[in-house]
Amino acid sequence: MNCLVGIWPAAFAEKINTNTSLLSPETLATGEEVYRTVCAACHETGVPKAPVKGMLGFMSTASIYHALTEGVMAPRVPQLNLQQKKAVAEYLTGQPLSTEKPKAFPQCQGESAQFDGAQVPAVVGWGAQPQNTRVFDAEATTINPSNIQQLDVAWAFGFPDAVRARSHPAIGGDAVFVGSQDGRVFALDKTTGCVRWSYRAKAEVRTAIILSSWDKNDKTAQPGLYFGDYLGNVYALDARTGKLRWQVRPDAHPSATITGSPTLFKDRLYVPVSSLEVLAAADPDYACCTFRGSVVAFDTATGEKVWQTYTIAERPNVRGKNSAGTDRVGPSGAPIWNSPAIDAKRNQLLVGTGENYSRPTTETSDAIIAMDLDQGKINWVFQATANDAWNSACEMADQTNCPQPVGPDYDFGAPPILATHSDGSELVLAGQKSGIVWALAPATGKLIWQRQVSEGGLVGGIHFGMAVSGDTVFVPISDAQESQHHAPRKPNPGLFALDIKTGRYQWQWHAVTDVCGDKPYCMPGNGAAISTTPELVFAGSLDGYIRAHDTRTGKVVWQFNTAQDFTTVNGVKAFGGALEGGASAAFDGDMMFLNSGYFFNPYMPGNVFIAFKLAEAPAQ
């Protein structure tokens with residue numbers, strides 16, 4: 001596929017030209033032959049910005065085919081015919097390219113097509129507040145215990161060419177903005193689900209869509225939309241039109257990706273950078289590993305990089321050879337999978353890191369890190385799990401690249417929260433895959449308390465996000481099935497409420513374990529990020545249910561099974577599946593919005609975006 005972005009070194013260009021001359025448009029070649037002849041010269045040799053094969057395999061077949069035929073790769077591979085492009089796309093994903101003619105999306109007409117400047121966002125960013133509390137107050141939503149039974153589906157939107165729906169929506173301007181697996185970002189009319197505009201990014205959009213706020217009396221306001229894609233690009237769009245303002249790739253590493261949602265604060269966008277080099281390491285011929293996590297600050301107006309701070313200060317270097325004779329490289333890893341929290345009082349942001357991919361390990365892996373907002377200087381580090389080195393080779397039959405001794409892979413996948421108690425005291429709350437909730441002093445990172453809620457695991461423990469309302473932190477526990485090596489001895493899936501000052505339990509809700517029956521890929525557990533109002537906690541489950549719990553007792557007061565087929569406003573065949581990842585319930589007035597489907601690990605696939613609305617109460 002030649003080199004994905006920009007200009008590649010002359011040596012690679014010569015190699016590509018030589019290889020591609022072997023494959024004419026008339027050649028009947030398999031997808032593997034096309035890949036090896038045309039694509040591997042960049043994608044298998046560490047060329048900056050050229051994603052490794054493992055990353056390409058997680059894209060949709062339609063996305064790769066689009067990139068080859070109409071997108072960024074089209075001018076790079078003029079020698080390939082459509083059949084060859086189809087073959088290599090299907091080879092990389094293992095999925096056939098849909099032969100169905102793309103459906104025309106229902107375009108908004110009249111008032112539904114207009115951006116309503118009076119409808120200012122009730123919340124901004126993935127965390128709902130800069131502190132990442134994920135609380136939607138009474139000004140943001142009218143949904144409460146007295147009317148929750150009137151909440152029902154208003155409309156559903158089907159994502160084409162998708163088996164997962166991971167992008168948390170943004171709401172404002174009487175529109176809802178959401179990303180999809182095939183790389184499209186949609187601006188949908190909030191009331192009807194018709195399409196105002198769509199923009200196609202270069203790859204899957206897994207992050208939340210971040211919508212900037214504005215003064216509702218300013219008729220000239222030009223709010224922006226910000227998000228990242230699977231290939232590590234960051235975008236800024238005009239929220240009114242979908243027109244691109246700027247696009248950058250903050251890290252040139254071939255495996256760099258944006259999974260954690262960017263955080264918008266004042267005139268800067270703070271972007272966490274992670275990677276899928278952890279997957280590339282499964283190949284014993286891969287020199288593991290060279291990626292370092294980071295946070296990058298951008299000027300929102302121009303896309304200019306203000307600063308970049310790596311989670312590992314030392315550059316990776318060769319440390320010897322593995323048993324296959326390939327270089328062992330380190331230190332590496334400490335990716336940031338989560339959205340930064342803002343501590344405005346101390347002028348710092350807070351992020352959590354993952355494990356090291358190779359040895360030596362560092363003191364910044366599996367850690368909470370505070371960085372100065374202005375310069376990116378690291379103020380303090382709290383490491384929860386030391387000496388955790390792990391990559392996907394540790395789960396393979398060939399463990400050549402697995403660091404020894406092998407670590408437990410106890411990332412901080414869930415974003416940290418800056419919580420304020422009713423007495424005015426503040427704490428940094430962080431949930432880890434180890435199943436532990438940590439409470440730290442915001443100024444120093446000193447440990448205040450810890451609570452082991454479950455025994456955790458590779459995809460267990462606290463996975464994608466907690467929430468805080470009042471003096472309570474709500475803790476979802478996944479403890480999903482996994483390999484025996486990391487499996488929790490006593491799984492404890494469910495939802496738990498802790499006092500933020502002491503860590504003591506206020507209530508415990510243990511997940512329903514008999515809801516799946518023989519349904520494939522279904523399992524109990526709450527791995528997804530959660531949302532809260534002052535009186536209700538909304539938790540999505542791997543079994544496909546969204547449940548509303550009473551914040552005082554944990555009792556389930558409403559639930560809806562999203563793992564079903566839906567009739568959609570855009571005519572795309574859609575179905576729901578597991579609720580997992582950073583996408584969770586979002587609210588605006590009398591409406592709630594939710595993505596369903598998470599084909600990974602494996603969990604139940606799905607491709608639907610659901611809009612719920614309070615129905616009018618029946619007359620007495």
Side-chain angles (χ1 to χ4, degrees), residues 2-9 42 46-52 55-56 59 63 67 71-73 75-76 124-126 167 170 177 179 183-185 199-212 222-239 241-277 290-311 335-340 349 351 371 373-376:
N2 298 359
C3 298
L4 193 62
V5 180
I7 299 174
W8 50 91
C42 279
V47 172
K49 303 182 181 180
V52 296
M55 286 190 72
L56 294 170
M59 295 174 65
S63 293
V72 66
M73 291 309 303
R76 307 276 199 264
V124 172
W126 176 91
S167 175
F177 305 89
R184 273 178 279 200
V185 172
Y199 171 85
R200 190 151 200 166
K202 290 181 167 48
E204 178 182 1
V205 176
R206 300 190 294 180
T207 75
I209 307 301
I210 311 301
L211 172 63
S212 65
Q222 298 293 323
L225 288 178
Y226 307 91
F227 59 92
D229 75 10
Y230 184 80
L231 295 181
N233 300 293
V234 180
Y235 302 80
L237 307 183
D238 185 309
T241 65
K243 182 179 179 180
L244 179 68
R245 290 179 176 172
W246 53 260
Q247 175 197 329
V248 296
R249 193 170 191 269
D251 195 302
H253 195 283
S255 292
T257 188
I258 311 295
T259 300
S261 299
T263 295
L264 179 64
F265 187 66
K266 296 183 177 178
D267 59 352
R268 288 189 182 177
L269 187 73
Y270 298 94
V271 179
V273 183
S274 57
S275 89
L276 290 180
E277 189 180 35
T290 58
F291 173 81
R292 297 177 291 164
S294 67
V295 175
V296 188
F298 292 100
D299 182 292
T300 55
T302 64
E304 179 183 357
K305 182 187 291 188
V306 180
W307 56 258
Q308 180 171 17
T309 297
Y310 288 97
T311 56
I336 302 175
W337 299 102
N338 46 63
S339 185
L349 62 80
V351 291
M371 298 180 186
L373 287 174
D374 294 331
Q375 305 296 328

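This chain uses plain numbering: 1 for the first residue, then up along the sequence.
- Within the 4.5 Å cutoff, the side chain of Asp251 has heavy atoms near those of the Tyr310 side chain.
- Gln247 contributes no side-chain N or O that, together with a main-chain N or O of Asn233, makes up a donor-acceptor pair within less than 3.5 Å.
- Side chain of Thr300 to main chain of Asp267: a donor-acceptor pair is present (N/O by atom type, distance under 3.5 Å, no hydrogens or angles).
- Heavy-atom contacts from other residues, nucleotides or ligands closer than 6.0 Å to CD of Glu304 number 12 or fewer.
- The two residues Ser212 and Pro223 have their closest heavy-atom pair at OG-CA, 3.4 Å.
- In terms of heavy atoms, Thr290 sits closest to Glu277 at N-OE2, 2.9 Å.
- Ile258 has its side chain within reach of Val271: a pair of non-hydrogen atoms, C-beta onward, lies under 4.5 Å apart.
- Atom-to-atom distance recorded for Tyr235:OH and Tyr199:OH is 5.5 Å, nearest 0.5 angstrom.
- Under the side chain to side chain contact (heavy atoms under 4.5 Å, CB included) criterion, Ala236 pairs with Tyr226, Arg245, Trp246, sequence neighbours left out.
- In terms of modelled atom types and a separation under 3.5 Å, the side chain of Thr311 and the main chain of Gly293 share a donor-acceptor contact.
- Scanning for side-chain hydrogen bond (donor to acceptor under 3.5 Å, both in side chains) contacts around Trp126 gives an empty result, with sequence neighbours left out.
- Residues satisfying the side chain to side chain contact (heavy atoms under 4.5 Å, CB included) test with Thr309, not counting sequence neighbours, are Trp307, Met371, Ile378.
- Residues satisfying the side-chain hydrogen bond (donor to acceptor under 3.5 Å, both in side chains) test with Tyr270, not counting sequence neighbours, are none.
- Taking CG of Leu349 as the reference point, atom CZ of Phe265 lies at 10.0 Å (rounded to 0.5 Å).
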- Residue pair Val351, Asn338: steps toward the side-chain contact (heavy atoms from CB on, under 4.5 Å) verdict: CA-CA 7 Å; Val351 291; Asn338 46 63; 4.1 Å; yes

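- Every residue two or more places apart in sequence or in another chain that forms a side-chain hydrogen bond (donor to acceptor under 3.5 Å, both in side chains) with Arg206 is listed here: Thr257, Thr259.
- The two atoms that bring Ser339 and Thr263 nearest to each other are OG-OG1, 3.1 Å, heavy atoms only.
- Under the rule for a side chain to side chain contact (heavy atoms under 4.5 Å, CB included), the partners of Pro335 that lie at least two apart in sequence or sit in another chain are Ser274, Phe291, Trp337, Tyr357.
- Looking at every heavy atom in both residues, Gly232 comes nearest to Pro250 through O-CD, 3.2 Å.
- Nearest heavy-atom pair across Leu211 and Ala170 is CB-CB, 3.9 Å.
- Looking at every heavy atom in both residues, Ser294 comes nearest to Ile336 through O-CD1, 3.5 Å.
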